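In what follows, a single structure is set out as structure tokens and then discussed.
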2 protein chains.
Amino acid sequence: MTDSKLRGQYAKGEARREEILDRAVEAFGKFGYHATSMREIAKVCGLSQAGLLHYYPNKEALLLALVDRREQNQAHEITKDIALWVDGILKQEAANEKEKALTQLWANLVGEATDPAFPAHSYFVKRYSRTRKDMAQQIAGISGHQQPTEEDQVKAAILVALWDGLQTQWLLDPKFDMKRYFEYGLTMLTRYSQFK
Amino acid sequence: MTDSKLRGQYAKGEARREEILDRAVEAFGKFGYHATSMREIAKVCGLSQAGLLHYYPNKEALLLALVDRREQNQAHEITKDIALWVDGILKQEAANEKEKALTQLWANLVGEATDPAFPAHSYFVKRYSRTRKDMAQQIAGISGHQQPTEEDQVKAAILVALWDGLQTQWLLDPKFDMKRYFEYGLTMLTRYSQFK
DNA sequence: GTCTATATGCTGATAGAC
DNA sequence: GTCTATCAGCATATAGAC
């Protein structure tokens, strides 16, 4: 079934949809979700506005497709090897740095998603909650705990915050060396304990 | 000169302007800058749209006035007493938690301000740069350094990131106990050193 | 699958009456 | 100081031709 997608109209349409998402990420990332019109996105896709609506019936559908795709590209396993873990995180960080448009979009969306009436609000809430849980599990793993301790959970929230916050500063100022700060923070989190 | 403002038309106008800012903070905070119309703000102020424009000639002027006012309310001195410093930061954090609308506005704006074309983009860039510098000075002070060390500067950026990042998580989920995480992070930052 | 044409409504902003 | 009336522009969305 998946292979059959590679031929025929369906595959073509799917490819087009992917391409549209790529352009949309760029546009939304630059100007924000609300400030970017479907016309503009259509334009950078070489489509008319009505043509774009053929693929994504409205703006919200486009947004959700975008967010969903990012989701799927970020699945990762849990490891007990601390070096491997740090490595994995830094790789993800590097990926975010490379895909600036997507990172920018994310920063933009999170701000807007704060409003409960935002189309993807509950998605963001769940997403953050799950990320914290996963991080806590991961930190417990490398700390030799069966279950995440209170401190593991606190560290997880801090790590998530650090990630977002450093990205913000980097987005505002491209010279900001996010990686350096992130590495320091990671090391600190792995080495420090309240009880030492 | 300042006293004379308290009487007459000028004082009245000033009070009205302040009131408008209060309402605007709320509106922008909820829905973001771009997604909030001048008409909506006018409405919650009990004004017509043209009436609102009498006080702030355009949308951008309103935004800048807002950001400017927050700026002035956040000036603070440098202390060498670590407990005093932590106390001051936690007070500011509590204030942000109380003034949810303003915090929300800030989160929203920072996301949008990432775009160089955003009206207040350069303001945000400068603001963050200065905050990092101030924080580094402050951290140097409580660490007994004459000048901020490299590590002090890294810690400053991390603290700023932590602040933003935890606020984001709290805004998404009001049950998120931001203060607890912030306290942990502050303690960690003051106790930990790369060289220990 | 993509287009043109069009409907309807909201945007920021201006002009000018009161 | 506040209003109504109005503008040009752009938004999302639909209908229907090719």
Side-chain angles (χ1 to χ4, degrees), chain A residues 4-24 27-28 30-66 105 108-109 112 115 117-120, chain B residues 4-25 27-28 30-67 108-109 112 115 117-121:
Chain A
S4 68
K5 281 186 189 171
L6 298 173
R7 270 192 297 261
Q9 296 173 342
Y10 191 44
K12 209 170 158 186
E14 201 58 23
R16 200 87 170 90
R17 284 171 67 91
E18 284 297 309
E19 195 201 326
I20 290 171
L21 286 188
D22 288 338
R23 312 277 184 159
F28 282 148
K30 262 190 191 156
F31 306 114
Y33 174 68
H34 276 114
T36 306
S37 72
M38 291 295 269
R39 265 187 177 77
E40 282 174 81
I41 291 173
K43 201 175 156 191
V44 296
C45 291
L47 273 172
S48 72
Q49 185 239 359
L52 170 60
L53 288 179
H54 170 71
Y55 293 98
Y56 296 98
N58 57 50
K59 207 180 176 183
E60 189 178 330
L62 180 57
L63 172 72
L64 292 176
L66 227 64
L105 171 63
N108 227 306
L109 287 185
E112 299 188 68
D115 172 27
F118 190 74
Chain B
S4 69
K5 282 185 188 172
L6 298 173
R7 267 193 299 261
Q9 299 172 337
Y10 191 46
K12 209 168 157 188
E14 202 56 25
R16 199 87 169 91
R17 286 173 65 90
E18 285 295 311
E19 193 201 326
I20 289 170
L21 285 189
D22 288 338
R23 312 275 184 161
V25 163
F28 282 147
K30 263 192 192 155
F31 307 115
Y33 175 70
H34 275 114
T36 307
S37 71
M38 292 296 268
R39 270 183 176 82
E40 281 174 79
I41 292 173
K43 199 175 158 192
V44 296
C45 292
L47 273 170
S48 71
Q49 184 236 0
L52 170 60
L53 288 177
H54 169 74
Y55 293 97
Y56 297 96
N58 55 52
K59 202 180 177 182
E60 189 177 329
L62 180 57
L63 172 70
L64 291 176
L66 225 65
V67 156
N108 228 308
L109 286 185
E112 298 189 73
D115 171 28
F118 189 74
H121 172 75

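Side-chain atoms are counted along with the backbone in the values below, which use heavy atoms only and exclude waters and symmetry mates. Here is the naming used below: chain letters follow the sequence lines, and residue numbers restart at 1 for every chain. All of these numbers come straight from a predicted model, not from anything done at the bench.
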Between D:dG1 atom P and B:Arg17 atom CZ, what is the distance in whole Å? 11 Å
For the side chain of B:Leu47, counting heavy atoms from C-beta on, which of C:dC3, D:dC3, C:dG1 is nearest? D:dC3
Atom-to-atom span, CD1 of A:Ile41 to P of D:dA13 - whole angstrom: 12 Å
Quick one: salt bridge (Lys or Arg N to Asp or Glu O under 4.0 Å) partners of B:Arg39, sequence neighbours excluded? none
Taking N or O atoms only and anything under 3.5 Å, show me the protein contacts with nucleotides 12-15 of chain C, one pair per line.
unit_1: C:dG12; atom_1: OP1; unit_2: B:Met38; atom_2: N; d: 3.4
unit_1: C:dG12; atom_1: OP1; unit_2: B:Lys59; atom_2: NZ; d: 3.1
unit_1: C:dG12; atom_1: OP2; unit_2: B:Met38; atom_2: N; d: 2.8
unit_1: C:dG12; atom_1: N7; unit_2: B:Arg39; atom_2: NH1; d: 3.0
unit_1: C:dG12; atom_1: O6; unit_2: B:Arg39; atom_2: NH2; d: 3.4
unit_1: C:dA13; atom_1: OP2; unit_2: B:Lys59; atom_2: N; d: 3.2
unit_1: C:dA13; atom_1: N7; unit_2: B:Gln49; atom_2: OE1; d: 3.2
unit_1: C:dA13; atom_1: N7; unit_2: B:Gln49; atom_2: NE2; d: 2.6
unit_1: C:dA13; atom_1: N6; unit_2: B:Gln49; atom_2: OE1; d: 2.8

Straight-line distance of B:Arg23 CZ to B:Ile20 CD1, nearest 0.5 Å: 10.0 Å
Closest heavy-atom contact between A:Leu52 and A:Met38? CD2-O, 3.4 Å
Would you mind checking if A:Arg16 and A:Glu19 are paired as a salt bridge, meaning a charged N to carboxylate O distance below 4.0 Å? yes
Given atom CG of B:Leu52 and atom P of C:dT11, what is their separation to the nearest angstrom? 13 Å
Could you give the side-chain donor-acceptor pairs of residues 57-67 of chain B under 3.5 Å, partners two or more places apart or in another chain?
unit_1: B:Asn58; atom_1: OD1; unit_2: B:Glu60; atom_2: N; d: 3.2
unit_1: B:Asn58; atom_1: OD1; unit_2: B:Ala61; atom_2: N; d: 2.9
unit_1: B:Lys59; atom_1: NZ; unit_2: B:Tyr33; atom_2: O; d: 2.9
unit_1: B:Lys59; atom_1: NZ; unit_2: B:Thr36; atom_2: O; d: 2.8

How many angstroms lie between OH in B:Tyr56 and CG in B:Leu21, if you round to the nearest 0.5 Å? 3.5 Å
